[in-house]
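All values reported here derive from a predicted model rather than from experimental measurement.
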Amino acid sequence: MTENSTAPFSFRFSGSSFDNMVETLGGAFGAFDAEPVGRAQDFHWGLDFSVCDNAVLLTGYHEAEFQFNIEPTVDTAEYLSIVVPRSGGMGVTYGSRVAEAGQGKLLLYNNFEPNSVIMHGRSNVIDELLINWPLILQTIGQTFEMPFSGSLDLLPELDLSKPEGRLINNLTETIISGMRDDGPLLESPIAMAHMTQALADLVVRLVPHRLSHFLENGPALIAPRHVRRAIEFMHANIDQPITMPKVAEAAGVSSRALETGFRAFRGTSPAAYLLTLRLRAARQDLLDPESKETMKAICLKWGFFHFGRFSAVYKTTYGEYPSDTRKRVMRR
């Protein structure tokens, strides 16, 4: 990550029009609306990208500094971007706040959150590793075992002088080198899946965000016996029409004590916890390329009797509709 370094690779796409650059970017990770600030007559750029199931590697070159406002459309793919500057720098604005990538630090951001993007330096070269946001949401669900929606409030700047920064940077660089120029990772989907999952785990566990306090307190918070009994009962009867009074009865406590225990030791309600288990089971079926079950059958199997509500809560949890999950698996 050396300032003013020369990129050791060529660009498959290039031009001198901002609109053409935006159109090319849309082919990599979904359409978005963008407008430069202080448009130049000639806007020289170069782009290269590699695409796989869980990630996109985008490498961009710009001769001049610029800023553009970005507005995702309904077709825009949601992702976590890890920005690695090679020459120059990059920043994203959140209202009056700016988060920067540059010498000695990476930039992490969800593309649905910033107001604008700023490119610094002449002959700017930036690598962006885009991790599908549904993978981040899935990792959050597995780590915290609770429903999640809204902004993760992820710390956007990662200091490479710290161990966690170096660890995430090293894995990011390994994935980038394995994807660049139709690299070997693109021919190894299993290896790619493991590496992107490992990177998602590191980000969720090591980069501060709004759920980090659960990680800090987690090892000391051993759930009491009635909470563990309730969880065991839920797992054993996940495909049955169980109610919270039944769960409380199986755990040997009142419904109020059950609610209090889950709030204190799982950070959620018992009903929301059961919903997470059922969503996860339904997603596993949808991700199974060998499954011949219809969407309706999967919904009923895991206790979802209204497809519209299931689809909405699934989208909130995983960042994509269940039909999108099924289509993506069928394309493999």
Side-chain angles (χ1 to χ4, degrees), residues 22-34 47 49-58 60 68-84 90-95 99 101 106-117 126-144 146-156 158 168 172 175 179 192-193 195-197 199-204 207 209-211 276 279-280 282-283 286-287 310-329 331:
V22 170
E23 182 180 353
T24 304
L25 283 171
F29 55 96
F32 60 88
D33 293 328
L47 287 174
F49 51 81
S50 303
V51 183
C52 68
D53 279 345
N54 285 330
V56 175
L57 171 61
L58 171 66
F68 64 87
N69 300 316
I70 182 167
E71 181 66 34
T73 71
V74 293
D75 297 319
T76 305
E78 189 173 8
Y79 57 82
L80 171 70
S81 177
I82 303 178
V83 180
V84 184
M90 174 177 167
V92 293
T93 64
Y94 304 84
L106 302 182
L107 175 67
L108 290 78
Y109 70 96
N110 175 300
N111 66 310
F112 277 35
E113 295 180 4
N115 306 112
S116 63
V117 175
I126 296 288
D127 274 329
E128 285 193 68
L129 182 61
L130 316 178
I131 304 296
N132 286 358
W133 193 249
L135 178 60
I136 302 297
L137 292 177
Q138 178 181 324
T139 303
I140 291 170
Q142 292 170 344
T143 303
F144 300 101
M146 66 177 68
F148 173 79
S149 61
S151 173
L152 189 58
D153 292 333
L154 196 72
L155 183 73
L158 196 58
I168 291 174
T172 299
I175 295 173
M179 292 181 68
M192 188 68 195
M195 294 183 75
T196 51
Q197 181 62 71
L199 183 55
D201 286 335
L202 290 177
V203 169
V204 168
V207 181
H209 52 75
R210 63 182 277 199
L211 300 179
T276 299
L279 281 171
R280 191 180 303 165
R283 183 169 173 81
L286 291 170
L287 289 170
F310 166 71
S311 183
V313 73
Y314 186 97
K315 172 68 161 58
T316 299
T317 303
Y318 295 111
E320 60 184 359
Y321 290 108
S323 56
D324 295 332
T325 303
R326 173 59 65 86
K327 288 175 186 176
R328 180 161 51 82
V329 171
R331 286 199 299 265

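At a threshold of 4.5 Å between non-hydrogen side-chain atoms, the residues Leu155 and Leu108 do not count as touching. Counting only heavy atoms from C-beta outward, the side chains of Leu80 and Leu154 approach each other to under 4.5 Å. Side-chain atoms of Leu107 and Glu128, non-hydrogen and from C-beta on, never get closer than 4.5 Å to each other. When side chains are defined from C-beta on, Leu286 counts as touching Tyr314, because their heavy atoms get closer than 4.5 Å. Residues Asn111 and Ser81 are not in side-chain contact: their nearest non-hydrogen atoms beyond the backbone lie 4.5 Å or more apart. Residues Leu129 and Leu199 are in side-chain contact: their nearest non-hydrogen atoms beyond the backbone lie under 4.5 Å apart.
Taking both residues in full, the closest heavy atoms of Ala55 and Ile131 are given as CB-CD1, 4.0 Å, listed atom of the first, atom of the second, then distance. Between Ile175 and Met192 the shortest heavy-atom distance is CG2-CE, 3.6 Å. Between Ala99 and Tyr94, the shortest heavy-atom contact is CB-CE1, 4.2 Å. Here the closest non-hydrogen pair linking Met179 and Leu57 is CE-N, 3.6 Å. Residue Asp53 comes nearest to Asn132 through the heavy atom pair O-ND2, 2.7 Å, listed as atom of the first residue, atom of the second, then distance. Nearest heavy atom pair, residue Ala101 against residue Val83, reads CB-CG1, 4.0 Å.
With sequence neighbours excluded, no residue forms a ring-ring contact (aromatic ring centres under 6.0 Å, His included) with Tyr109. Shown here are the side chain to side chain donor-acceptor pair (under 3.5 Å) partners of Glu113, two or more places apart in sequence or in another chain: Ser151.
Taking the charged nitrogens against the carboxylate oxygens, Lys327 and Glu320 have no contact shorter than 4.0 Å, which rules out a salt bridge.
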Practice task
Would you sort out whether Tyr318 and Asp324 count as a side-chain contact (heavy atoms from CB on, under 4.5 Å), showing the intermediate values?
Solution key: CA-CA 11 Å; Tyr318 295 111; Asp324 295 332; over 6 Å; no

Practice task
Kindly determine whether Arg326 and Tyr321 satisfy side-chain contact (heavy atoms from CB on, under 4.5 Å), including the steps that lead there.
Solution key: CA-CA 9 Å; Arg326 173 59 65 86; Tyr321 290 108; over 6 Å; no

Exercise for the section: Under the side-chain contact (heavy atoms from CB on, under 4.5 Å) rule, what do Arg283 and Thr325 come out as? Steps first, then yes or no, please. Expected result: CA-CA 8 Å; Arg283 183 169 173 81; Thr325 303; 3.5 Å; yes

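A donor-acceptor pair is defined here as one N or O able to donate and one able to accept, closer than 3.5 Å; such a pair exists between the side chain of Asn115 and the backbone of Gly95.
Ile136 contributes atom CD1, which lies 9.5 Å from atom CG of Asn54 (distance to the nearest 0.5 angstrom).
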